[in-house]
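Written out below as structure tokens is the structure these notes cover.
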Protein chains: 2
Amino acid sequence: MHNVSHELSVGDSVYEALRHDIIFGRLAPSAKLKLDRLKADYSVSIATLREALNRLVTEGFVKTEGQRGFFVAPMSAAGLREIADLRILLECHALKLSFEAGDTEWEARVIAAHHKLSRMEERMKSGDHSAKEVWKQYDWEFHQALISACGSEALLNVHGTVFDKYLRYQMRTLTFRGDPAAIEHRALLDSAMVRDISTAQSVLRKHIEGGVEHSLAQSG
Amino acid sequence: MHNVSHELSVGDSVYEALRHDIIFGRLAPSAKLKLDRLKADYSVSIATLREALNRLVTEGFVKTEGQRGFFVAPMSAAGLREIADLRILLECHALKLSFEAGDTEWEARVIAAHHKLSRMEERMKSGDHSAKEVWKQYDWEFHQALISACGSEALLNVHGTVFDKYLRYQMRTLTFRGDPAAIEHRALLDSAMVRDISTAQSVLRKHIEGGVEHSLAQSG
DNA sequence: ATTTTTGTAATAATCGATTATAGATAATAT
DNA sequence: ATATTATCTATAATCGATTATTACAAAAAT
């Protein structure tokens, strides 16, 4: 009986489902998370739900106030700026380490990830907005690939959480930033290949700040 | 019936107790966390325990592998260096923001925190090592005060977790680094008062790297 | 009329019991 | 004798039920 290692337990899958639903806005910011309701919606017991919610609490996607239960973490313009600044700090640093340590394997990962992302961006540009989640998945994979040779598990972990919080803000504004973002991704790829860290960092900074401005302009 | 707001629930206090026991080494790195045993030791139900453990999982103090239960996060020289680098990155950045935004209130907090720490360091120097936990509490309060005006809740949160992970490594080597650390704290205080960020950052970097070398030398 | 008290319903926190899984040991087959 | 399967035991994951807390509403008091 060979057990497939990536079999998900009930607890793991409700954790992922909740996390996904918060990031992609199906659970609104600041919404009360009533346990009975969630129990029905996700078909798990209260105890298992509470375990998943507790994981999300230390991750910052869920807040808990006194003994008055759980709430989806609120969102604000200030919060977006904080998260964006943090992402810039962490990702620029990881990028530098990665550029210094990356080997040919790494280059191949970056090129492959960019290819997938680039194809998706072409589809988006030509009006096909059906697969926003897949697009964002590829965006993640590209940025992840760029920093994947940084050599620090701890740095990659905290970056991952911050990235997903940033993503949550991006998901609120439904529109595709399109051309500028695609051009910046291309510039990142090119600087990675020639290990031009200072260009890469300044492109990345503008890339993230551009996303912030796009978001804030949308939401008014 | 006026309810004191900082009353701790059973779940909150077992979370804090577990976290404390991991950081201060009462629960050894990589140790299996058997639920029945913990239930007896901390006098709570399995369900409540599991909620606390799940919080610690996303925080990185506890690991969970498949459905084989919970383990204390392992420690390693590489892990220490990763955490130290992360602390340097986050704390130097927060320090800069704090120096730019800090007002007189902030200066007062920094001075007060340094005073408490400094007095404790004098006691440690004269051989009184009875209050290691209190000393580390004051160390935390001083570093926290220095960056407290940085203006980013998100940055302070992630720094807090990283700081505690660094602290966990420091707690393994039982000795007091003494004079050098105290001198560096003084230098940090002085640069804060005159807003000399570049000196402060270089002192802080040395302060943290010094702690790493001290740890690694101890543990052989 | 406003504030305080008291009772009640809704909901969260906690627990003990049940089910499922993994690891170890014994039994069987080649 | 070794490898494979079956059985058993320890432990984790999950659940339903119980207890405690909060929020709301109605009544009473100033």
message = Distance check needed: C:dA22 P versus B:Lys32 NZ, whole Å only.
response = 12 Å

query = If each of B:Leu33 and B:Ala47 is mapped to the nucleotide of DNA chain D with the nearest heavy atom, which maps nearer the 5' terminus, i.e. the 5' end?
reply = B:Leu33

task = For A:Tyr15 and A:Leu56, work out which heavy atoms get closest and say how close.
result = CE1-CD2, 3.6 Å

remark   = Residue set satisfying salt bridge (charged side-chain N to carboxylate O under 4.0 Å, His left out) with B:Glu121, at least two apart, ordered chain then number -> none

message = Show the nearest heavy-atom pair for residues A:Gly60 and A:Ala73, with the distance to one decimal.
response = O-CB, 3.4 Å

task = Tell me yes or no: between the side chains of A:Lys136 and A:Gln170, is some donor less than 3.5 Å from an acceptor?
result = yes

query = When the distance from CD of B:Gln67 to C1' of D:dT14 is rounded to whole Å, what number comes out?
reply = 11 Å

Can you name the atoms? Protein N/O to nucleotides 23-25 of chain C N/O, anything below 3.5 Å, with the distance.
unit_1	atom_1	unit_2	atom_2	d
C:dG23	OP1	B:Arg68	NE	3.3
C:dG23	OP1	B:Arg68	NH1	2.9

key: A:Ser148-A:Arg109 side chain donor-acceptor pair, cut-off 3.5 Å   = yes

task = Quickly work out the B:Asn54 CG to D:dA12 P distance and round it to whole Å.
result = 13 Å

task = Using whole Å, report how far NZ of A:Lys34 lies from C1' of C:dA13.
result = 17 Å

task = Report yes if at least one side-chain N or O of B:Lys39 is closer than 4.0 Å to OP1 or OP2 of C:dG16; otherwise report no.
result = yes

key: Nearest listed nucleotide, side chain of A:Arg50, among C:dA22, C:dC15, C:dA13   = C:dA13

message = With a cut-off of less than 4.0 Å, is there a side-chain N or O of A:Thr48 near OP1 or OP2 of D:dA13?
response = no

task = Counting heavy atoms from C-beta on, name the nucleotide in C:dT14, D:dT14, C:dA13 closest to the side chain of A:Phe70.
result = C:dA13

message = Is it the case that the side chain of A:Asp139 and the backbone of A:Trp135 share a donor-acceptor pair, with hydrogens and angles ignored and the cut-off at 3.5 Å?
response = no

inquiry  = From CZ of A:Arg37 over to P of C:dA12, roughly how many Å is that when rounded to an integer?
reply    = 13 Å

task = For side chain to side chain contact (heavy atoms under 4.5 Å, CB included), just list the numbers for B:Arg26 and B:Phe24, CA-CA rounded to whole Å, side-chain angles, deciding distance to a tenth of an Å, and then say yes or no.
result = CA-CA 6 Å; B:Arg26 255 201 55 212; B:Phe24 288 92; 5.9 Å; no

query = Is the cationic atom of A:Lys32 (NZ for Lys, CZ for Arg) positioned less than 6.0 Å from the six-membered ring centroid of A:Phe71 and within 45 degrees of its normal?
reply = yes

task = Just do the side chain to side chain contact (heavy atoms under 4.5 Å, CB included) check on B:Val62 and B:Val72 with the steps written out, would you?
result = CA-CA 5 Å; B:Val62 167; B:Val72 178; 5.8 Å; no

query = Among C:dT14, D:dT14, C:dA13, which nucleotide sits nearest the side chain of A:Val10?
reply = D:dT14

query = For the helix from C:dA1-D:dT30 to C:dT30-D:dA1, how many degrees between its two end axes (five pairs per end), to the nearest 10°?
reply = 10°

request  = Please report, rounded to the nearest Å, how far the P atom of D:dA12 is from the CG atom of B:Asp36.
outcome  = 7 Å

ask   = Expressed in angstrom and rounded to an integer, what is the separation of B:Leu35 atom CG from C:dT21 atom P?
value = 17 Å

query = Atom CG of B:Leu49 and atom P of C:dG16: how far apart are they, to the nearest Å?
reply = 12 Å

